[in-house]
There are 2 protein chains.
Amino acid sequence: MPCNVKAMPRTADPDVRRRLVERAARMLADREPVTLRSLVEGTGASTMAVYTHFGGMPGLWRAVRQEGFTRLHERLAAVPRTADPVHDVAALGVAYAANALDSPSLYRAMFDAVAELEDPAAADRGLAVLVAAASRAREEGRFSADADPAAVATRLWLAGHGLLSLVVQGVLPRDVVPEHSAETAVALLTAAGDDPAACRASVVRAWERAGTSRPRVRPRPGH
Amino acid sequence: MPCNVKAMPRTADPDVRRRLVERAARMLADREPVTLRSLVEGTGASTMAVYTHFGGMPGLWRAVRQEGFTRLHERLAAVPRTADPVHDVAALGVAYAANALDSPSLYRAMFDAVAELEDPAAADRGLAVLVAAASRAREEGRFSADADPAAVATRLWLAGHGLLSLVVQGVLPRDVVPEHSAETAVALLTAAGDDPAACRASVVRAWERAGTSRPRVRPRPGH
DNA sequence: GACATTACATGGCATTGCTATGCAATGCTT
DNA sequence: AAGCATTGCATAGCAATGCCATGTAATGTC
């Protein structure tokens, strides 16, 4: 058989895949139960569409988690770079928290089985943004020379995830996020070698800016 | 109706409640799917037992989470008190991690819907043990006077939970737990006012002791 | 000893995810 | 251009799940 290139019949997949994923994310945000039949109900598609595109509901959830990590990465990548690298590290934390609080159900779904992703590197890409900011902080002399930016970034992420996963579940109220995030960030970044006063100033500035400018409920443009 | 005291007929509930909860915890530990019928299969009981005792599967899960937090509290309360309060704080972290890693599925179940518990105070009791240790550290002069033991303890818990929830899901390997836990604890406790060198010594000692003495798989005595 | 109250066994129901089957639409081949 | 293979998907039905209506037996109270 000289050719195992497959033909591509039928409408060649318009974008029903993405529509289903986005509908699932929307239903998650609206706290509606995402079930196979309720998912395809409005779309005009049949339940089989889920199987041809995702192989089943676990595959759909994988795609939803993937979408969640993609949005997270976009949001982190959009954080502007300023002259203060420690501020930028904290600003990434602000963006991370905002992303989680804007769509809590999606955040829960993301980490419900985070070990299973279509592209496992997608989660790493988000962390890489934070690692890069931490590396810059060390290069610019804010950290001690023997500080490990990857380790510092990981610990910031771990602490932030612990906080947000509990807030998202309603165990802790949303308003504790800024203080706990800022204080933990100051502790970890100071431990990495930054000057305590300068570190606090940088971190507090990032969180203050967030509190004033970010709207309570953020509009969903084209999504 | 002068008397609304109810009669108590039938075998008066031997301990089928506890047996079901423990069987569910055991099935979780064995990674067997815990379903209504598979749960009651070996016990000789019928599916209705779950409804008379728990009102349904959500009620069973509530009871399982409750059991998880009870075991956690027992484990934390069993941590011996030494002359070094900062060491004791870290030792509580060691116990917390050991509890989670000994039964990862139970840990996942506990925080799967941690907002719904039979006795919501049970979770707080575990944290209270940590708060008490932190308070002692401040009383004995290891923290600065304006440090808030409850806030410090909460941040330690948040960071630990973030780390363990990801380890338990297989995102991070188990062997990163000691280092991340210890470093984060040192950062947070130093930020609370402890002397950096003394703090590191106390924390490292707690984690070293854990690594040498704790067996890989811990036997389950009477539980 | 009769009765009320409760624990539980039985069987069936709605919903869930899933899949076997059939049909129609598309691109490749000749 | 006609035939054909390949694929997307609609239909219908299956196994399993949680749940509940009903009936029954056991217990404490009067």
Side-chain angles (χ1 to χ4, degrees), chain A residues 1-25 27-28 30-65 105 108-109 112-113 116 118, chain B residues 1-25 27-28 30-65 105 108-109 112-113 116 118:
Chain A
M1 43 184 98
C3 170
N4 58 359
V5 176
K6 307 287 184 176
M8 216 180 89
R10 199 63 185 280
T11 57
D13 183 28
D15 54 351
V16 64
R17 239 192 98 99
R18 199 181 41 184
R19 280 212 333 242
L20 284 176
V21 170
E22 290 184 1
R23 175 166 168 83
M27 293 178 74
L28 274 178
D30 297 349
R31 296 183 177 277
E32 304 172 15
V34 179
T35 178
L36 174 63
R37 288 174 175 80
S38 72
L39 175 67
V40 301
E41 195 166 354
T43 68
S46 146
T47 62
M48 273 305 293
V50 175
Y51 287 84
T52 54
H53 288 286
F54 306 101
M57 286 301 282
L60 172 81
W61 288 116
R62 245 199 312 265
V64 168
R65 289 192 293 269
S105 301
R108 287 193 62 175
D112 199 58
E116 292 174 19
E118 296 174 347
Chain B
M1 44 185 98
C3 167
N4 57 359
V5 175
K6 306 289 183 176
M8 216 179 89
R10 200 62 187 277
T11 56
D13 184 28
D15 55 350
V16 63
R17 238 191 100 99
R18 199 181 40 182
R19 280 212 333 243
L20 284 176
V21 171
E22 290 184 2
R23 176 167 167 82
M27 294 178 75
L28 273 179
D30 297 349
R31 296 183 178 275
E32 302 172 17
V34 179
T35 178
L36 175 63
R37 288 174 175 80
S38 72
L39 175 67
V40 301
E41 194 165 354
T43 68
S46 146
T47 62
M48 275 305 292
V50 175
Y51 287 84
T52 54
H53 289 285
F54 307 101
M57 286 300 282
L60 172 80
W61 288 116
R62 246 198 312 265
V64 167
R65 290 192 292 270
S105 301
R108 288 192 61 177
D112 199 57
E116 293 175 19
E118 294 174 349

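Remember, predicted model here, so these are calculated numbers, not experimental data. Convention: sequence-line order gives letters A, B, ...; per-chain numbering from 1.
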To the nearest Å, how far apart are [X] [atom1] and [N] [atom2]?
X	N	atom1	atom2	result
B:Y51	C:dT6	OH	C1'	19 Å
B:M27	D:dT17	CE	C1'	14 Å
A:L20	C:dG17	CG	P	13 Å

At under 4.0 Å between heavy atoms, what does [X] touch on the DNA or RNA strands: base, sugar-phosphate, or nothing?
X	value
A:G44	sugar-phosphate
B:P58	sugar-phosphate
A:M48	base
A:G59	nothing

Report yes or no: does B:R65 contribute a side-chain atom to a donor-acceptor pair with the main-chain N or O of B:A113 at less than 3.5 Å? yes
Backbone N/O of A:T43 and side chain of A:R23: donor-acceptor pair under 3.5 Å: no
Distance check: side-chain N/O of [X] vs OP1/OP2 of [N], anything under 4.0 Å?
X	N	value
B:T47	C:dC8	no
B:S46	C:dC8	no
B:T35	D:dG18	yes

Going through the checks in order, is the side chain to side chain contact (heavy atoms under 4.5 Å, CB included) test met by A:L39 and A:T47? CA-CA 8 Å; A:L39 175 67; A:T47 62; over 6 Å; no
Could you pull out the closest heavy-atom pair between B:V21 and B:A63, with the gap in Å? CG2-CB, 3.8 Å
